[in-house]
Amino acid sequence: MQLTLSRLTLALIVVALSLPGLALAQAGAASVKVATVNGTAIPKTRVDAVVRAQEAQGQKDTPELRAAIRDRLITLEIVAQEAKRKGLGKTADTISQIELASTNILAQAFRADYLKTHPISDDTLKAEFEKIKSQMGDKEYKSRHILVEQETEAKDIIEKLKKGEKFEELAKVSKDPGSKDKGGDLDWNNPAGFVQPFSDAMVKLEKGKYTETPVQSQFGWHVIQLEDTRPAKFPDFNEIKPRLEQRMQEAAFEKAVADLRAKAKVE
């Protein structure tokens with residue numbers, strides 16, 4: 001079996017091998033060892049740490065995985081001992097890398113602890129769900145648009161539409177590369193997915209009609225045609241809950257970090 005270790009996993013191993021304080025703490029925390037290399041014990045807790053990192057990447061905790069990790073840890077211990085014997089652990093570059101790895105691991109540990117100790121309640125999640133749902137509205141709109149640089153260009157397109165020219169053909173001059181070759185088709189969307197001047201004009205249109213006055217946004221001038229509407233399809237709360245929870249937890253963590261940074265003395 002071939003084991004591929006991630007950078008995070010390698011960082012965990014390197015720090016565990018290179019920082020005496022951490023190694024001693026692990027040894028004291030657990031008397032169970034998986035191997036002894038030249039008198040130095042490799043504690044089971046070290047294997048467990050690597051297994052957790054591998055599980056986070058989708059691998060399953062199996063005897064084969066643990067055996068491969070044990071073998072890799074033995075090799076790393078042998079190489080690390082030789083590096084120490086040669087004095088490489090005292091070079092400025094090595095010390096800097098160890099300190100950086102240690103800082104990164106501590107930061108990741110803080111993040112994991114914060115997310116674990118600050119769960120988002122179902123009531124909070126449901127309230128956010130209803131807020132998003134209300135913002136999305138109860139309709140979806142199928143529309144087309146033609147985007148041009150100048151208002152005069154948009155007015156010219158509207159005049160051509162009034163004379164019977166096809167919207168799909170006129171859309172070929174649009175600045176929007178994503179829709180110009182599809183006759184300006186924007187498919188089905190919720191109004192919240194568009195900038196406000198666009199959505200405000202779109203929702204006022206009757207089916208089959210187009211804006212007879214150019215609509216300006218930060219992107220330029222739009223001519224919009226509404227093809228159809230339908231009831232909005234919004235996912236069930238239980239379906240969206242995991243992603244919503246993750247998003248809200250990440251937002252809370254970012255705020256916590258911002259608060260810590262605001263209190264920190266940085267010179």
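If you're wondering where the values come from, they're calculated on a predicted model, not measured in any experiment. Just so it is clear, the values below take in all heavy atoms, side chains as well, and ignore hydrogens, waters and symmetry mates.
Looking at E254, its side chain never comes within 3.5 Å of a backbone N or O of A251 through a donor-acceptor pair. Not a single donor-acceptor pair under 3.5 Å links the side chain of T40 to the backbone N or O of T36. Remark: the backbone N or O of A92 is not paired with any side-chain donor or acceptor of S96 at under 3.5 angstrom. Between the side chain of N189 and the backbone N or O of L186, at least one donor-acceptor pair lies under 3.5 Å. Using modelled atom types, one side-chain atom of Q81 and one backbone atom of V37 make a donor-acceptor pair closer than 3.5 Å. Judged by distance alone, the side chain of R70 and the main-chain N or O of V34 form a donor-acceptor pair under 3.5 Å. Between the side chain of T62 and the backbone N or O of L65, at least one donor-acceptor pair lies under 3.5 Å. Without hydrogens or angle criteria, S121 side chain to T124 main chain gives a donor-acceptor distance under 3.5 Å.
Checked by atom type, the side-chain pair T45/D48 shows no donor-acceptor distance below 3.5 Å.
Hydrophobic clustering places V195 together with L226 (ILVMFWY residues linked when any side-chain heavy atoms are closer than 4.5 Å, directly or through intermediates). Under the 4.5 Å side-chain contact rule for hydrophobic residues, M248 and I132 share a cluster. Residues I158 and V173 share a single hydrophobic cluster, defined by chaining ILVMFWY side chains whose heavy atoms lie under 4.5 Å apart. A continuous path of hydrophobic side-chain contacts links L205 to Y141 [ILVMFWY only; heavy atoms under 4.5 Å]. Taking hydrophobic clusters as Ile, Leu, Val, Met, Phe, Trp and Tyr residues chained together by side-chain heavy-atom distances below 4.5 Å, L161 shares a cluster with V148.
The shortest side-chain heavy-atom distance between D185 and K142 falls under the 4.5 Å cut-off. You'll find the side chain of H145 stays beyond 4.5 Å of the side chain of M202, heavy atoms only. At a threshold of 4.5 Å between non-hydrogen side-chain atoms, the residues R144 and S179 do not count as touching. For the pair W221/P214, a side-chain contact is recorded, criterion being any heavy-atom separation below 4.5 Å from C-beta on. Counting only heavy atoms from C-beta outward, the side chains of I95 and T91 never approach each other to under 4.5 Å. Counting heavy atoms from C-beta outward, E140 and T229 have side chains that stay 4.5 Å or more apart.
Note that NZ of K209 and CD1 of I224 are 16.0 Å apart. Values are rounded to the nearest 0.5 Å. The distance from the CG atom of L115 to the CD atom of Q249 is 5.0 Å, given to the nearest 0.5 Å. One distance of note links CZ of R72 with CD of E77; it measures 13.0 Å at 0.5 Å rounding. For the atom pair I157 CD1 and T211 OG1, the distance stands at 10.0 Å (nearest 0.5 Å). The structure places NZ of K155 at 4.0 Å from CD of E151, a figure rounded to the nearest 0.5 Å. In this structure, D113 CG and H118 NE2 are separated by 8.5 Å, a value rounded to the nearest 0.5 Å.
Of all heavy-atom pairs between V215 and A201, the closest is CG2-CB, 3.6 Å. Counting all heavy atoms, side chain and backbone alike, A232 lies closest to G137 at CB-O, 3.9 Å. Among all heavy-atom pairs drawn from P191 and V203, the shortest one is CG-CG1, 3.8 Å. Among all heavy-atom pairs drawn from A171 and G183, the shortest one is CB-C, 3.4 Å. Closest approach of Q150 to E153, counting heavy atoms only: N-OE2, 2.8 Å. Across V223 and F167, no two heavy atoms sit closer than the pair O-CZ, 3.5 Å.
In terms of the salt bridge (charged side-chain N to carboxylate O under 4.0 Å, His left out) criterion, residue partners of K207 (sequence neighbours excluded) are, by chain and number, D228.
In the displayed structure, K263 atom NZ is contacted under 6.0 Å by at most 12 heavy atoms of other residues, nucleotides or ligands. Summarising the local packing, CZ of R230 is surrounded by more than 12 heavy atoms from other residues, nucleotides or ligands at distances under 6.0 Å. Annotation: Q135, atom CD; neighbour count of heavy atoms from other residues, nucleotides and ligands within 6.0 Å is above 12.
Under a 4.0 Å N-O distance rule, the pair D122/K241 qualifies as a salt bridge. Of the charged side-chain nitrogens involved, at least one lies within less than 4.0 Å of a carboxylate oxygen, so that K265 and E267 count as a salt-bridged pair. Between K160 and E165, no side-chain nitrogen of the basic residue sits less than 4.0 Å from a carboxylate oxygen of the acidic one, so the salt-bridge criterion is not met. In this structure, K182 does not pair ionically with D187, as no charged nitrogen and carboxylate oxygen lie closer than 4.0 Å. Salt-bridge annotation for E55 and K60: absent, with no side-chain N of the basic residue lying under 4.0 Å from a carboxylate O of the acidic one. Salt-bridge check for D200 with K204: failed, with every basic side-chain N at 4.0 Å or more from each acidic carboxylate O.
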Show your working on side-chain contact (heavy atoms from CB on, under 4.5 Å) between E212 and K162 and close with a plain yes or no. CA-CA 9 Å; E212 296 189 10; K162 288 180 179 179; 4.0 Å; yes
Which is it for K33 and K44 under the side-chain contact (heavy atoms from CB on, under 4.5 Å) test, yes or no, and what are the steps along the way? CA-CA 5 Å; K33 58 186 178 182; K44 179 178 176 294; over 6 Å; no
Does the side-chain contact (heavy atoms from CB on, under 4.5 Å) test come out yes or no for L260 and F110, once each step is laid out? CA-CA 12 Å; L260 286 173; F110 172 76; 3.8 Å; yes
Q54 and V51: CA distance, side-chain angles, deciding distance, side-chain contact (heavy atoms from CB on, under 4.5 Å) verdict: CA-CA 5 Å; Q54 293 301 115; V51 168; 5.7 Å; no
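Ring geometry for F129 against F237 counts as perpendicular: the plane angle is over 60°, on a 0 to 90° scale with 30° as the lower cut. Classification of the H222-F219 ring pair by plane angle, with boundaries at 30° and 60°, yields perpendicular.
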